Amino acid sequence: SQTIHQWPATLVQPVGSPLSLECTVEGTSNPNLYWYRQAAGRGLQLLFYSVGIGQISSEVPQNLSASRPQDRQFILSSKKLLLSDSGFYLCAWSVPQLGSPLHFGNGTRLTVT
Amino acid sequence: AQSVSQHNHHVILSEAASLELGCNYSYGGTVNLFWYVQYPGQHLQLLLKYFSGDPLVKGIKGFEAEFIKSKFSFNLRKPSVQWSDTAEYFCAVIPTGGGNKLTFGTGTQLKVEL
């Protein structure tokens, strides 16, 4: 069966420090991969979307970047964190078929101090 | 801008009451529509989806949703809620040609009281 791993679960980082959140998927090949940010009262905002290795679509302008170095690995990064980057980050995957349900990871609670 | 609106941010109901959560979208073309649910401490999971055909879609746990194209709406309903339905509910849309990128609404927090 397919599983998705996302880590760390929580992270506290000072302003200006770098960020690296990792997400891996097991049990499937060539998945679509997603990074969402969830904020209370604001729903889920799609940050990045990938249909294959090295193929990243950035959905909103921001201080973050994403990379997909391997088929089932998706990394969210920042060179210098801002206070506004605090939030709950969710990785998700789906089979590469229109309308396929998304399967979400446990999320990472990031606090920038 | 294209968007998904959920106007009810917090809903409190008693057990056995009927539920209807509103969802409206602003895309002009063909869309695929979804409802996701997040129970306390759990992952988001798919509740139901609409692609085409019968505009009344039935999902898990007795939920259903009706697609009304003329109103750009996809409201979620349940005739009789249970305490275990307490959760946050998200409407989501994929416009045709949008790959499999879901745009989510802001969510509705439902609390069912005994």
Side-chain angles (χ1 to χ4, degrees), chain A residues 1-7 9-10 23 25-26 28-52 55-61 66 68 74 87-109, chain B residues 1-11 21-26 29-53 57 59-60 67 74 87-109:
Chain A
S1 63
Q2 302 90 353
T3 55
I4 179 169
H5 303 281
Q6 186 181 342
W7 68 93
T10 60
C23 173
V25 180
E26 296 178 356
T28 187
S29 297
N30 194 33
N32 289 346
L33 296 172
Y34 311 79
W35 278 110
Y36 280 89
R37 179 164 52 203
Q38 184 176 14
R42 299 179 62 183
L44 285 86
Q45 181 184 37
L46 179 61
L47 302 177
F48 298 97
Y49 170 65
S50 174
V51 297
Q55 301 178 62
I56 310 294
S57 170
S58 177
E59 301 301 312
V60 293
R68 185 170 177 174
F74 206 25
F88 190 61
Y89 291 85
L90 286 164
C91 181
W93 73 272
S94 74
V95 297
Q97 181 179 351
L98 179 64
S100 300
L102 270 62
H103 305 277
F104 288 86
N106 288 330
T108 296
R109 174 72 60 189
Chain B
Q2 299 169 332
S3 65
V4 180
S5 300
Q6 291 180 246
H7 302 294
N8 311 107
H9 299 296
H10 292 90
V11 174
L21 301 182
C23 173
N24 290 89
Y25 61 93
S26 63
T30 306
V31 294
N32 299 306
L33 298 155
F34 307 80
W35 277 96
Y36 277 77
V37 60
Q38 188 171 28
Y39 297 102
Q42 296 187 27
H43 300 174
L44 274 158
Q45 57 186 283
L46 182 65
L47 197 56
L48 49 78
K49 61 183 179 181
Y50 170 80
F51 285 177
S52 62
V57 180
I60 60 173
F67 171 51
F74 190 55
E88 190 160 16
Y89 294 82
F90 294 90
C91 183
V93 173
I94 297 176
T96 299
N100 201 39
K101 295 183 286 184
L102 267 69
T103 297
F104 284 86
T106 53
T108 297
Q109 185 68 52

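All of these numbers come straight from a predicted model, not from anything done at the bench. All values below come from the heavy atoms of this structure, side chains included, with hydrogens, waters and symmetry mates left out. Naming: A, B, ... by sequence-line order, numbering from 1 per chain.
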Subject >> Where A:G105 and B:H43 come nearest, the two heavy atoms and their spacing >> reply: O-CD2, 3.9 Å

Original post:
Which bit of B:E88 comes within less than 4.5 Å of chain A, counting heavy atoms only: side chain, backbone, both or neither?
Top reply: side chain

Subject >> Among the listed options A:P96, A:P101, A:S94, the residue most often paired with chain B at heavy-atom distances under 4.5 Å >> reply: A:P101

Original post:
Closest approach of A:Q38 and B:F90, non-hydrogen atoms and distance?
Top reply: NE2-CZ, 3.5 Å

Subject >> Region of B:L44 in contact with chain A, defined by heavy-atom distances below 4.5 Å >> reply: both

**OP:** Let me know if A:Q97 has heavy atoms under 4.5 Å from chain B in its side chain, its backbone, both or neither.
**Re:** backbone

Subject >> Distance, nearest 0.5 Å, that separates CG of B:L102 from OH of A:Y49 >> reply: 9.5 Å

Subject >> Most contacts with chain A, counted as non-hydrogen pairs under 4.5 angstrom, among B:H9, B:Q38, B:H10, B:Q6 >> reply: B:Q38

Subject >> Which portion of A:N106 sits near chain B, non-hydrogen atoms under 4.5 angstrom >> reply: both

**OP:** Measure A:F104 against the heavy atoms of chain B and call it side chain, backbone, both or neither at under 4.5 Å.
**Re:** both

Original post:
To the nearest 0.5 Å, what is the distance between NZ (B:K101) and OH (A:Y36)?
Top reply: 9.5 Å

Subject >> Whether B:Y36 side chain and A:L102 backbone form a donor-acceptor pair below 3.5 Å >> reply: yes

**OP:** Using the side chain to side chain contact (heavy atoms under 4.5 Å, CB included) rule, take B:F104 and A:L46 through it: C-alpha gap first, then chi angles, then the decisive distance, then the call.
**Re:** CA-CA 8 Å; B:F104 284 86; A:L46 179 61; over 6 Å; no

